Amino acid sequence: MEYRAPRGTRDILPPESEGWDIILSKLTVRAEEYGYKKVIFPTFEHTELFKRGIGEDTDIVQKEMYTFQDRKGRWLTLRPEGTASLARLFVEKGIDKFNGVSKYYYFGSMFRYERPQSGRYREFYHFGVEALGSDSPYLDVELISLCKDTVESFAIKDYLIYINSIGCSECRSQYILKLGGLLKQVIAYYCEDCRRRVTTNTLRVLDCKIDKHRNAELPILSDNLCPSCSQHYDEVKKGLQTLNINWQENPNLVRGLDYYNRTVFELVTPYLGESTSILGGGRYDQLISCLGGKETPGVGFALGFDRLYQVVYSNNPDFLNSPRKGVYISSPETGLWDKVFRITFDLRNRGLKAECNYQNRSLKSQVKTADKDNYEFFLTIFQKDMVLKNLTTGEEKVYENEEEEKVLVLLSGKGDMS
Ligand SMILES: [Zn+2]
Ligand SMILES: [Zn+2]
């Protein structure tokens, strides 16, 4: 049998894996500057959590979850997104009993059974940020601002922030009634998915890509909000203005998950000629109580890490180029291996990246390897002396054996090449 990674999964190798670290550390630093703290939660949860949290009628729960029974017959599901797990831990740990705003971020792989296509995987990665404990519209603004700061910290200038309000359960259900009535007369012309959704998840008809053109005449949700939702939405826009954040209202933005209410938002950027959503989020004021916790409003977003990487990379492939670092040590003469080995470990103990050759290859091919692997120096040990070469400048200098300590001090960054 030929072993291959399962369809829709992939391996991340250097230099891409190094690029991931660069991106992740920027995201983390930014989120922490905003006061968010890291949480880690399980990769799988009880299936019921996602059914209840995300909603039975959503695409995720209907067609995309990796669900299985364990040996004791429990139904478990690989997490398709992070917010439901975060809400579960929030209730389970009793954090809902404290009055305060709790701010968390998380990073990890998510699983959805979707048709793999370029940039979309069945195991993919989310960086998520969630704030619980306040329904202030300014908290929504804070999250949108964090989204903007995040993409700008990667020098992505070409992007759009879409916002919408999908109201509360009251004004939304009245709107859905109205919308359902209007759609009934024309639904025969819509795609198969829409014909099914019109009764189970009416709002989703609005973000169907196939039937986009048919929806132009329909009334929009944000014009049908109750007074308090309408005021909330106005304040979100006011807050965005205060922070000089540009946005565009998108009445068709409804998001595919049941837990959202009021503000929803999305950030899109053109990637390979197409407008690509790299993150999306919104408010979820009922999710915590729906999972049995004390009523606690929340708002958050999830960023598609795989997409962000592709956008950052296509925008500036040079971001992967890191400066040369460390030293490669070798000897072309027999009998000096012990010294090579000892110096390598001595340098590592001094905090320097150091490598030696375990393969008996020619000196020339080792220099090539060191150059390719981005080492800054190449140190050649001879019986009578040693030669240190700077691989950036090509400069070489010979040192006597008695000067070994001087060379080690130099290499570990505490001296000059003199
Ligand atoms: Zn409302
Ligand atoms: Zn459709």
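Both counts, for ligands and for their atoms, begin at 1 and track the order of listing. Just so we're clear, the structure is a prediction, and the values are computed from it rather than from any experiment.
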Please test Asp149 against Tyr34 for side-chain hydrogen bond (donor to acceptor under 3.5 Å, both in side chains), starting from the C-alpha separation and ending with a verdict.
CA-CA 11 Å; Asp149 283 358; Tyr34 272 70; 2.6 Å; yes

Candidate list Phe301, Phe127, Phe41, test ring-ring contact (aromatic ring centres under 6.0 Å, His included), partner Tyr105, passing option
Phe127

Option passing ring-ring contact (aromatic ring centres under 6.0 Å, His included) with Tyr125 (candidates Phe305, Tyr309, Trp20, Tyr106)
Trp20

Relative to Tyr175, does Arg172 satisfy both conditions: NZ or CZ under 6.0 angstrom from the six-membered ring centre, and within 45 degrees of the ring's axis?
no

With rounding to 10 degrees, what does the angle Cys171:SG / the Zn ion (ligand 1) / Cys168:SG come to?
110°

Spell out the protein N/O/S atoms under 2.8 Å from the Zn ion (ligand 2) as residue plus atom name.
Cys191 SG, Cys194 SG, Cys208 SG, Asp211 OD2

Side-chain heavy atoms of His232 within contact of Thr263, under 4.5 Å
yes

Please tell me whether Ser228 and Arg262 have a donor and an acceptor in their side chains that are separated by less than 3.5 angstrom.
yes

